[in-house]
Visitor: 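Below is the structure I would like to discuss, written out as structure tokens.
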There are 2 protein chains.
Amino acid sequence: MLNQSRHSRQREAILALLRSTKLHPTADWLFSELKKEFPNIGLATIYRNLKFFEEQGLVIKIDVGDGFDHYDADTSDHYHFFCDSCRKVIDLDMPPLQFGEVLPDGFSSEHHQLVFFGKCKNCKLELCS
Amino acid sequence: MLNQSRHSRQREAILALLRSTKLHPTADWLFSELKKEFPNIGLATIYRNLKFFEEQGLVIKIDVGDGFDHYDADTSDHYHFFCDSCRKVIDLDMPPLQFGEVLPDGFSSEHHQLVFFGKCKNCKLELCS
DNA sequence: ACATAAATGATAATGATTATCATTTATATC
DNA sequence: GATATAAATGATAATCATTATCATTTATGT
Ligand SMILES: [Mn+2]
Ligand SMILES: [Mn+2]
Ligand SMILES: [Zn+2]
Ligand SMILES: [Zn+2]
């Protein structure tokens, strides 16, 4: 009776890489990085495992509207900043907002997403040079 | 010297339709509706004009992560609710949040997006039947 | 009416993500 | 350790919303 998930070196490496970075990587970035250790790894393996981790609650998917899904191994409640210039996704150190009675009657929400758009520190400095 | 945008019945109809609804339509929804009045209209015309309106500041694009771009002729500051069940985008009647010193030093943001996820009133009722 | 270029409609191309499938591999059992 | 089973992989094709291309139509100033 085998009905469980199995271990694989690729799966382990993908999760380890996600946990080692604060860059909120895309599938393609993970693919490029992991090819150094697994030259034969397939892009489909990245996508499959990202979906697997998301279903297991080990990572969250972040959509900032740039056409790429970003992934984050930090599953705690936190918000993000997206730099319109360098297109980096950056963590914000900001307490989760509490919304009491803002939803219409009969609605319920256990989850919300807040993204700030603008220019990060580096990009603002470079624009002045 | 012609270097301006011109009038077209299609462009006028697209904007009028967007202004007449609170459904936050997708390009494909607009396409289906407008074919009633313009049987020969092309989907590219919808996309072209949506981009045009967005650049003119007449509409805003909303990305709730469902794989479709939604459009809204209400350009005032407001937030949205996305129903995970019926996948509708619904306006929230909620004052714009003011964020004082939440961004890291050197960062600036003139725009943020807040989306709540959950079940709308209709979908919650239907689940109990 | 004419000239010009913007707008359209048809169609192909793009590109991130997902699906398919033959092969490999992890793991429980003998 | 061998074996059986199904999960996981890698290669590849398919999907599908959106964008690009281009010949034709159309709006608008003269
Ligand atoms: Mn994060
Ligand atoms: Mn709205
Ligand atoms: Zn930046
Ligand atoms: Zn609903």
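A, B, ... follow the sequence lines: proteins, then strands. Residue 1 opens every chain. Here the structure is a predicted model, which is why all the values come from computation and not from measurement.
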Visitor: If the test is side-chain hydrogen bond (donor to acceptor under 3.5 Å, both in side chains), which one of A:His80, A:Lys61, A:Lys88 qualifies with A:His24?
Guide: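 In the set A:His80, A:Lys61, A:Lys88, the residue that makes a side-chain hydrogen bond (donor to acceptor under 3.5 Å, both in side chains) with A:His24 is A:His80.
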Visitor: Starting at CD of B:Glu12 and ending at C1' of D:dA27, how long is that distance when rounded to a whole Å?
Guide: 13 Å
Visitor: Does B:Arg48 reach a base, just sugar-phosphate, or nothing at all? Heavy atoms under 4.0 Å.
Guide: base
Visitor: Considering just the side-chain nitrogens and oxygens of A:Gln10, establish if one lies under 4.0 Å of OP1 or OP2 belonging to D:dG10.
Guide: yes
Visitor: Do the side-chain N and O atoms of B:His111 and A:Asp84 include a donor-acceptor pair separated by under 3.5 angstrom?
Guide: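 No, no side-chain donor-acceptor pair sits under 3.5 Å.
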Visitor: Checking contacts here: which listed nucleotide (D:dT9, C:dT17, D:dT12) is nearest the side-chain heavy atoms of A:Arg11?
Guide: D:dT9
Visitor: Give a yes/no on whether any side-chain N or O of B:Tyr47 is located under 4.0 angstrom from OP1 or OP2 of D:dT18.
Guide: yes
Visitor: Please determine, for the side chain of A:His7, which listed nucleotide (C:dT17, D:dT18, C:dA26) has the closest atom?
Guide: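 From the listed options, C:dA26 comes nearest.
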Visitor: Within this structure, what is the CG-to-P distance between B:Asn49 and D:dA27, rounded to whole angstrom?
Guide: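 Rounded to the whole Å, the gap is 14 Å.
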Visitor: Rounded to the Å, how far apart are A:Phe38 CZ and D:dG10 P?
Guide: 8 Å
Visitor: Figure out the CG/C1' separation between B:Asp63 and D:dA17, and round it to whole Å.
Guide: 12 Å
Visitor: Over how many whole Å does the gap from A:Phe68 atom CZ to D:dA17 atom P extend?
Guide: 18 Å
Visitor: Given D:dG10, C:dT11, C:dT17, which nucleotide is nearest the side-chain atoms of A:Ile41?
Guide: D:dG10
Visitor: Within 45 degrees of the ring normal and closer than 6.0 Å to the centroid, is that where the cationic atom of B:Arg9 sits relative to B:Phe38?
Guide: no
Visitor: Using a cut-off of 6.0 Å, state whether more than 12 heavy atoms not belonging to B:Gln56 lie near its atom CD.
Guide: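 Yes, because the 6.0 Å sphere around CD of B:Gln56 holds more than 12 heavy atoms from other groups.
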Visitor: Between B:Leu50 (CG) and D:dA17 (C1'), how many Å, whole number?
Guide: 13 Å
Visitor: Counting the atoms with a prime plus P, OP1 and OP2 as sugar-phosphate, which does B:Asp28 contact under 4.0 Å by heavy atoms, base, sugar-phosphate, or nothing?
Guide: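 Since no nucleic acid heavy atom lies under 4.0 Å of B:Asp28, the category is nothing.
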Visitor: For D:dG10, take OP1 and OP2 only and decide whether either is under 4.0 Å from a side-chain N or O of A:Thr45.
Guide: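 It does, given that an N or O in the side chain of A:Thr45 lies less than 4.0 Å from OP1 or OP2 of D:dG10.
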Visitor: Which comes earlier along DNA chain D counting from the 5' end, the contact point of B:Ser8 or that of B:Thr26, where each point is its nearest nucleotide?
Guide: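 Its nearest nucleotide being more 5', the pick is B:Thr26.
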Visitor: What I want to check is whether an N or O donor and acceptor connect the side chain of B:Arg6 with the base of C:dA5 at under 3.5 Å.
Guide: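 Per atom types, the contact qualifies.
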Visitor: What closest approach, in Å, do B:Leu103 and B:Phe107 show between heavy atoms, and which atom pair accounts for it?
Guide: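 Heavy atoms only, the tightest pair is CB-CB, 4.1 Å.
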Visitor: Check the distance between D:dT28's P and B:Arg9's CZ and give it to me in whole angstrom.
Guide: 12 Å
Visitor: What's the NZ-C1' distance between B:Lys51 and C:dA6, to the nearest Å?
Guide: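 To the nearest whole Å, that distance equals 16 Å.
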Visitor: Please tell me if A:Asn40 has a side-chain N or O lying less than 4.0 Å from either OP1 or OP2 of C:dT24.
Guide: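 The answer is no; no side-chain N or O of A:Asn40 sits under 4.0 Å from OP1 or OP2.
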